[in-house]
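Below you'll find the structure, written out as structure tokens, and then a few comments.
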Amino acid sequence: AAVHAAKSGHIDALVTAPIHKGHARAAGFAFDGHTDFLAAAFGVPEVAMMFVGPKLRVVLATVHVSLAQVPRLLTVNHIRSAALLGTRALGAWLGVERPRVGVLGLNPHAGEGGLFGDEEQRTVSPAIDEIRAELGRTGVLATVSGPLVPDAAFRQALAGEFDLLVALYHDQGLIPVKLVDFDNTVNVTLGLPIVRT
């Protein structure tokens with residue numbers, strides 16, 4: 001009903017409450033959560049979850065998947081899409097004129113030059129190159145840094161060095177957000193034609 005109301009112009013925004021994804025799936029809900037459902041309902045190809053709080057802003061490249069699946073599912077496109085959607089939202093919704101975006105590495109110490117994994121060289125760095133190129137093509141003035149050491153990047157963001165962090169998986173981004181800004185953070189779905197929190 002809410003999607004129908006939004007599509008027909010009767011509402012401009014949608015606020016969803018938490019759901020138990022396991023129970024929803026058992027009841028026949030064919031999606032992993034509201035975000036996937038809304039993307040399909042509105043027919044949008046790219047969405048991202050961004051958590052906006054007074055101290056941290058974090059966008060996720062992957063969402064509700066097991067940790068074991070993250071390296072296989074994480075692609076240049078996932079990282080690029082999340083970063084671009086988040087960067088554009090900073091300007092359009094939050095008035096950040098020259099966003100400073102940090103893209104996290106996947107592995108401890110951001111892989112330490114391949115010692116602890118090669119996802120940074122194989123996936124994260126090429127994504128950062130594409131993000132920079134796309135922002136340059138579209139005239140968005142932003143600084144994109146990374147791959148950042150994940151356990152240090154949140155401290156840097158809290159110190160004011162970044163306007164947005166791109167986390168590569170759910171808990172990488174949400175543990176710091178919930179630790180620091182739990183009561184004051186809003187989850188916003190980027191990429192939809194309406195505001196959804």
Where is the tightest heavy-atom contact between [X] and [Y], given as atom of each residue plus distance?
X	Y	value
Pro147	Ala110	O-CB, 3.9 Å
Leu60	Ala82	O-CB, 3.5 Å
Ala142	Thr87	CB-CG2, 4.0 Å
Leu164	Val59	CD1-N, 3.9 Å
Gly173	Phe154	CA-CZ, 4.0 Å
Ala41	Val3	CB-CG1, 3.9 Å

List the residues meeting side-chain hydrogen bond (donor to acceptor under 3.5 Å, both in side chains) with [X], not counting sequence neighbours, and say none if there are none.
X	answer
Ser145	none
His170	none
Arg80	Glu46, Asn77
Thr62	none

If you measure from [atom1] on [X] to [atom2] on [Y], what distance do you get to the nearest 0.5 Å?
X	Y	atom1	atom2	value
Gln172	Leu67	CD	CG	9.5 Å
Ile11	Ile194	CD1	CD1	5.5 Å
Leu74	Gln69	CG	CD	12.5 Å
Leu190	Ser81	CG	OG	9.0 Å

Answer yes or no: is there a side-chain heavy-atom contact under 4.5 Å between [X] and [Y]?
X	Y	answer
Phe51	Leu56	no
Lys21	Phe29	no
Val70	Leu106	yes
Leu168	Glu119	no

* Not counting sequence neighbours, list each pair that qualifies as a side chain to side chain donor-acceptor pair (under 3.5 Å) and has a residue in residues 108-117. => none

* Is the number of heavy atoms from other residues, nucleotides or ligands under 6.0 Å of Lys55 NZ greater than 12? -> no

Do [X] and [Y] share a hydrophobic cluster (ILVMFWY, side-chain heavy atoms under 4.5 Å, transitive)?
X	Y	answer
Leu94	Leu84	yes
Val65	Leu174	no
Val58	Met49	yes
Val96	Leu85	yes
Leu90	Val52	yes

Less than 3.5 Å apart, which donor and acceptor atoms pair up between the side chains of residues 31-38 and the rest of the protein, not counting sequence neighbours?
unit_1, atom_1, unit_2, atom_2, d
Asp32, OD1, Arg25, NH2, 2.7
Thr35, OG1, Arg196, NH1, 2.9

* Residues that Thr197 engages under side chain to side chain contact (heavy atoms under 4.5 Å, CB included), provided they are two or more places apart -> Val15, Val186, Val188, Val195

* For Pro108, all residues meeting side chain to side chain contact (heavy atoms under 4.5 Å, CB included), sequence neighbours excluded -> none

* Apply side chain to side chain contact (heavy atoms under 4.5 Å, CB included) to Leu165 and Leu148, showing your working. => CA-CA 9 Å; Leu165 291 177; Leu148 301 176; 4.1 Å; yes

* Would you sort out whether Phe162 and Arg57 count as a side chain to side chain contact (heavy atoms under 4.5 Å, CB included), showing the intermediate values? => CA-CA 9 Å; Phe162 296 105; Arg57 297 180 192 118; over 6 Å; no

Under 3.5 Å donor-acceptor pairs involving side-chain atoms of residues 127-136, not counting sequence neighbours:
unit_1, atom_1, unit_2, atom_2, d
Arg132, NE, Val144, O, 3.1
Arg132, NH2, Val144, O, 2.6
Glu134, OE1, Arg137, NE, 3.4
Glu134, OE1, Arg137, NH2, 2.7
Glu134, OE2, Arg88, NH2, 3.4

* **Residues which pass salt bridge (Lys or Arg N to Asp or Glu O under 4.0 Å) with Asp163, listed by chain and number, not counting sequence neighbours** =>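 Arg100.
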
* To do: Under 4.5 Å between side-chain heavy atoms, chaining through other members, with only Ile, Leu, Val, Met, Phe, Trp and Tyr counted: pull out the rest of the cluster around Leu115, sorted by chain and number.
  =>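 Phe116, all in the cluster of Leu115.
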
* Restricting to pairs with a member in residues 76-101, which pass ring-ring contact (aromatic ring centres under 6.0 Å, His included), not counting sequence neighbours? -> none

* Asked: Would you say the side-chain atoms of Glu120 pair up with the backbone N or O of Asn107, donor to acceptor, closer than 3.5 Å?
  -> yes

